[in-house]
Every structure is written in structure tokens, then in C-alpha cells.
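In listed order, ligands and their atoms are each counted from 1. The basis for the numbers below is simple: all heavy atoms, side chains too, and nothing from hydrogens, waters or symmetry mates.
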Amino acid sequence: MNNVTVHCTIVVSLVPTSRSHTQSHTLPCHLFPFSIQSLVFTLFFNLSLSLSPFISLYILLPFHRVLRFFYLLSSKRRRFLSLLEEVAMDLASNLGGKIDKQEVLSAVEQYEKYHVFHGGQEEERKANYTDMVNKYYDLATSFYEFGWGESFHFAPRWKGEELRESIKRHEHFLALQLGLKPGQKVLDVGCGIGGPLREISRFSFTSVTGLNNNEYQISRGKELNRITGVDKTCDFVKADFMKMPFPDNSFDAVYAIEATCHAPDAYGCYKEIYRVLKPGQCFAAYEWCMTDSFDPSNQEHQKIKAEIEIGDGLPDIRLTTKCLEALKQAGFEVVWEKDLAVDSPLPWYLPLDTSHFSLSSFRLTSVGRFFTKNMVKALEFIGLAPKGSQRVQDFLEKAAEGLVEGGKREIFTPMYFFLARKPDSNSD
Ligand SMILES: C[S@@+](CC[C@H](N)C(=O)[O-])C[C@H]1O[C@@H](n2cnc3c(N)ncnc32)[C@H](O)[C@@H]1O
């Protein structure tokens, strides 16, 4: 392990995560013999810490943070190391989601084969979307949680605003647009581990049902709902948003945050949402789309699109215009729509941009990702993370590159917003 990595391990452990606040960490006892592995792991980090010269800390951190670091190192060193170990163990033990640890490498290989860089075709991805998307989220969820916290989406951002604040504001915006009222029954389509669901439900005093086809994410979501006490009013349903297990006209409002981009066909998905929504009520979403600036004949543009597709488990990223057409075709009246990336004072891709450094979203920065890469490498090497973990990190890195390039060239947006209404008269 080189010095930069060691310094990064120090810095990252100073940055709190939502997970460390909300979850009591459990160590992976199934990784027998745990005590020996744990010992090796602790020794490994202790040795790295004692060998490391502190010069680059002066470059990386302001003075008071260096003092804070030495304070932590001297008086709280043991606690600090155990926190570091817990964070790393959490990532390692959850890597692969519901996939058997022995099968992770083969799942990575199968997942990669769906994509252009490994000879995959769009039609094959669409035909096998359930397998492709579920493999992706089993493999990537612990990395998402490690880097983003409980909400897996981008947000427009104001100057001086922390990433986490902007993410919450983006969720509140959706709730306000839908005009949510206390007691209403709301559906969150493609809910992840329920970060937005918990926030929106607490913000609006509504009961939110999270629909998700990934079993691992649902089990994490239920655990987090229990911890926050939201389990009394909110629940999860495991199902495909192309075939929802709800009667017609069931919900007072429906929203989808960066999720329906996984649908093999936008019309089919919007039509299902239309069916379960009560007449006169609204559906709002943030869609991942290629913008009008995307040129399909441009090879660079196609490469960026393919990077985002492999890095984010997508069958095919649609144009904003195609989503709009599909909404209308499904029967919705479009109240208003806009690419919110256009007016964002800070670019949405800033947290992933290699030229940007932030302590509050350190794990997403290039230094943080460099740290994670080396940590995963070490964990895989000593057998604490399953084989194939580094490969997951590699395609997530591809995603980050594609997203930043797509954002800079304005050919891609993760926040094409629309508010659409199911007409009163149509009881379809
Ligand atoms: C990028 S995550 C966004 C999660 C959540 N909306 C958030 O912002 O935190 C996309 C989510 O869509 C879910 N998803 C993808 N395809 C699905 C499908 N066919 N049916 C139900 N959920 C699906 C994934 O499992 C994942 O939870």
C-alpha cells in the first residue's frame, strides 16, 4: 500500500456517512476464521499508519484539520482504527448483495457481457433487463451506499450548498411539485434502499410504498426504515415496474427518481404508472436522458453513452423527446417539463469530477475513489471481499468518467424533470 492510499484511508474515516449514523455495524462472522482475518486487517492498517510520512497531509488538508487528525490519532486512535475497520468491513461484507460470494466474479463477467465494451447488444440488454439490472444492483449497491449514502441520485446544486443538502432539496422539490398532502398514499417507483422514500414521507406526512425489483436493496431499505421508525407508515414491495402488483387507481401520487431509465421501454413503464395512479392525480420524475445535443453519428458521444450504460446498468439511454412522447402516448397530460441541469448554478457532476475536491463528499472525489480502489484491492487480496470486487469498482469508474464527460458536453442529463397528470375523465 503506498503513502497516498494510507493518507486517504485516514482522511476518509474522518468523513461521516449516513450509514455510520443509522446502522449498527455487524462484522461478517461468516467469513471464518474471522478473528485471524480481522487481526491481519488491523495489523495491515496499523503498519501502514506508522510507516506513513505525513507530508502530503499538509497539502491535502487545512491546518486545523491536521491538528484534528493528530488529536484523533493520539487520543482516539483505537476508536478511529476500529471505525476504519468497520467501514471497510461493511463494504466488503455487503459486496455482491444477494449473490453468493463465490459467484460474484462470474456474475460480474455475465453482467459485463451485456454491454457494448464486451460485445453486448442493446436488444439483448432489453430482452434480459431483469437479470442485467438485478446483477448490477447486487454488485453495485454497497459501493453506492459507501459513496452516496441512502439516496442514489444527483441533484442541481447552489453555491455553498453541501451535496447532501442538495440531494434532500431535490427530493423536497418533487414532493412540492406533486402537492403531497398528509395521509396520502404515494408510490416510489424504483426506490433503491429508500433514502428518498424516508425523506419524502417525513417531509409530507404521507405513506410511501417503495417498489423495487432488487431483493438485496429491499432488505437494506426495511432495516433502515425500522431504524428511522418510518416502518409504521412506509413499506416496500418487490416487483417489476413493468408489471406492478397493484389494482388500477390505487395511488394519490407516483414519483420516480433516476429509476425508470432502467425500463426496456418507456411507454410500457409509464402506462403501468398511469394504470395504478388515481384519475386527476400526478406523476413526477427525474429521468436519465440523452439531450438534443447528443449526436448518434458521433463516436465520442456513443462511447460516453456506452460508458454510462455499462457503469449504471442501463439497457439504452433515451432522448428527452422520446420520454415526452412516451408519456403522452401513455395518456398523461404533461403539466411542465424541463432539464433541471441547465440552470444548476453548480454542475450536477461536480462530485465526480476529478478536478474537484471536497471533504464532505470525499469518497466520490478522484482521491476518494483512488482510496476505495486500493482498499477494495487489499480486501480482495486478503480474502475479505469476494473475487470480482475490483472489476465492479472498474465499471463504476467507467460510469463516473462517462457521466462527467456527458455532463460537460451537455449531451446527457440525470434530471430531466416532468410533472404529468392523469386526466379526470379517463378511467382506463
Ligand atoms: C439509481 S437507483 C435509484 C434509487 C432511488 N430512486 C434513489 O434515488 O435512491 C434505480 C432503482 O431502480 C430499481 N429498478 C430498476 N429496474 C427496476 C424494475 N424493473 N422494477 C422495479 N425497480 C427497478 C433499482 O433496483 C434501483 O433501486
**Report entry** Carboxylate-amine/guanidinium proximity below 4.0 Å for E307 and K398
**Finding:** no

**Report entry** Residue list, salt bridge (charged side-chain N to carboxylate O under 4.0 Å, His left out) with R157, at least two apart or on another chain
**Finding:**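 With neighbours one apart ignored, the set is empty.
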
Query raised in the report: Under a 4.0 Å heavy-atom cut-off, which residues neighbour ligand 1?
Result: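 For ligand 1, the residues that come within the 4.0 Å heavy-atom cutoff are Y129, V133, Y137, S151, F152, H153, G190, C191, G192, P196, N212, N213, N214, Q217, A239, D240, F241, I257, E258, A259, H262.
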
Query - Criterion salt bridge (charged side-chain N to carboxylate O under 4.0 Å, His left out) against E150, the qualifying member of R164, R220, R198, K168 - result: R198

Requested in this report: Apply the test ring-ring contact (aromatic ring centres under 6.0 Å, His included) to residues Y137 and H262: give CA-CA distance (whole Å), side-chain angles for both, the deciding distance (0.1 Å), then the verdict.
Outcome: CA-CA 11 Å; Y137 280 107; H262 291 288; 5.1 Å; yes

Query - Residue that, paired with F418, satisfies side-chain contact (heavy atoms from CB on, under 4.5 Å) out of V335, L327, T320 - result: L327

Query raised in the report: If you count the non-hydrogen atoms of other residues, nucleotides and ligands that lie under 6.0 Å from CD in Q121, is the total more than 12?
Result: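 Result for CD/Q121: open.
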
